[in-house]
2 protein chains.
Amino acid sequence: MGFAANFPGTDGLLEQLENSSKPEDFQEVSVALRDHYAIAHLVYHWVSADGEQFGCGTYDPVWVQRYVEKGYLRIDPVIQGCYQRFHPVDWKRLDWSSKAARAFQKDAIGHGVGNQGYSIPIRGPNGQFALFSLSHNCNDETWQLFTESNRRELILISHAFNQKALELEPGRKPEPAQPLSPREVEAMTLLAVGYSRAQVAETLSISEHTLRVYIESARFKLGAMNTTHAVARALSRGLIVV
Amino acid sequence: MGFAANFPGTDGLLEQLENSSKPEDFQEVSVALRDHYAIAHLVYHWVSADGEQFGCGTYDPVWVQRYVEKGYLRIDPVIQGCYQRFHPVDWKRLDWSSKAARAFQKDAIGHGVGNQGYSIPIRGPNGQFALFSLSHNCNDETWQLFTESNRRELILISHAFNQKALELEPGRKPEPAQPLSPREVEAMTLLAVGYSRAQVAETLSISEHTLRVYIESARFKLGAMNTTHAVARALSRGLIVV
DNA sequence: TGGACCCTCACCATTTCTGGGGAGTTGGAA
DNA sequence: TTCCAACTCCCCAGAAATGGTGAGGGTCCA
């Protein structure tokens, strides 16, 4: 049972992506997929927990550089909107009401980005955030028909991108996620929900001095500079759940 | 172009899931899917940022209750392992070396959970963590053949579960995720990476007094009791990226 | 043109956290 | 058995964060 019958043309690309091992393969597959769909652009990128970025796609490099330089990451409604969701979204369903957003949109279209767009976001365990986006120039009806009829296929493609991107991710190795002891987890968890040290100590029925030992131990294990940093890292690494 | 040809039997269930609107539908679909695949169990559940849980599946309710009561959430290698990944994983690839994990495994099998398992994790924007799991009793080869040949289909099914679960999620409404101002975002971000207030103020080229206004403002917006709590919430809600 | 929100700066006193020591028990692993 | 990691408790003093209140300027929108 294969996908070829349903996904003529993309099945091979999907397999190529699943078997790829170099970042360059991503670029190759993005271009091939863009051409297959006959759309303006196809882009995949993610940011790691350390703010590192990785991406591939068919955008004009000038636009990519401009995007970074202008700090559009903090303005782009696609980023803002997808950060709150985690499922496919049509760009026109996002909030473009702010002045900065409209200026950004105008600038983007001026650099070749289409007037239509569709993005599939996903989140990784270490605070990573990835986005798989399609863009094209056409009217709303055409775009909606295109995205809806290819929705499932696009989900699988985005999954393949995500899988490979995380496998190849450089940002994971340096921090082997040293585990916290049970008491340390309890302490960090309570701190993360707003308890003061005194409250945490009381909740855990231990002296505040003892609690300090846990916090400092956790801070050391996490390579954190202070309690807030330690809690942030524990959260980002999924060591605690709040 | 439909999926029926490739996914005989599950296509209708997938659509039923995508069109469902009540939590009860989840349960119905889980059972139908379990029967379709002729496996021991099929389970979907997630936890929200506030620790609320939602789930459906074919596990014995006695086992579910025992799982919660025993605090297995903090022992279960499936949870632990999937928290660090975000792609399909076979249970036997997880770390079962600890004594607690082996005791848990024995207890699980004693309550009808299969010796084989396969889980697809996903993370939501507000710290949610969801898990779609299959379990069965069979040998490794049979299980691997089953999961690999149905991998893409299972990804789509898990996506449908996730989509619906987030749509129906009760935990989102009470916190409308009041946005932070740009300065507040910068301040919280720098605090999250370990900067002290003095360092943040210097980095942002503002007085420490001004910085305090941002922190307190952010704390108020986030309903946080202290800075650590505010940073934790900002992280959980995806308002800042570290 | 007023209201709302953002950015900037300042004082006070108090609470909380941090960094440096040391020391005893337990239970599991080598 | 020996060792290590986790858990528990204590001292001190300085650094940092907090809570409350006040004030002026800017932009944007209704």
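Each chain gets a letter, A, B and so on, in the order the sequences are listed, and its residues count up from 1.
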Do T228(B) and T228(A) pair up side chain to side chain, a donor and an acceptor below 3.5 Å, judged on atom types alone?
yes
Will you find, in the side chains of N226(A) and Y195(B), an N or O donor that is under 3.5 Å from an N or O acceptor?
no
Interatomic distance, L211(B) CG vs dA16(D) P [rounded to whole Å]:
14 Å
By nearest atom, which of the nucleotides dC7(D), dC9(C), dC6(C) is closest to the Y214(A) side chain?
dC7(D)
Could you check how far CE of M225(B) sits from P of dT16(C), rounded to whole Å?
12 Å
Residues Q116(B) and S135(B): side-chain donor-acceptor under 3.5 angstrom:
no
Could you check whether Y44(A) and N162(A), counting side-chain N and O atoms only, form a donor-acceptor pair closer than 3.5 Å?
yes
Provide, to the nearest angstrom, the distance between the CD atom belonging to E186(B) and the C1' atom belonging to dC6(C).
13 Å
Please report the distance, rounded to the nearest Å, between CG in L180(A) and P in dC7(D).
10 Å
Would you say that V113(B) contacts W63(B) through its side chain, given a criterion of any heavy-atom pair below 4.5 Å between the two side chains?
yes
Length of the CG-C1' vector between L190(A) and dC17(C), whole Å
17 Å
Just the rounded figure in Å: distance from P of dG20(D) to CZ of R219(B).
9 Å
Short side-chain N/O contact from H209(A) to OP1 or OP2 of dC9(D), under 4.0 Å
no
Are T227(A) and dT18(C) close enough that a side-chain N or O sits under 4.0 Å from OP1 or OP2?
yes
Return whichever of E216(A) or S217(B) has its heavy-atom-nearest nucleotide of DNA chain C closer to the 5' end.
S217(B)
When all nucleic acid strands are considered with a 4.0 Å heavy-atom cut-off, which category describes S181(B): base, sugar-phosphate, or nothing?
sugar-phosphate
Nearest heavy atom decides the nucleotide; on that basis, is S207(A) or I215(B) closer to the 5' end of DNA chain D?
S207(A)
Can you tell which of dC10(D), dT8(D), dC9(C) lies closest to the side chain of R183(A)?
dT8(D)
Between P of dT15(C) and CZ of R212(A), the distance in whole Å:
18 Å
Is the shortest side-chain N/O distance from K221(B) to OP1 or OP2 of dC6(C) below 4.0 Å?
yes
Whole-Å distance between dT16(C) P and E208(A) CD?
8 Å
Among dC7(D), dC9(D), dC9(C), find the nucleotide with the atom closest to the side chain of I206(B).
dC9(C)
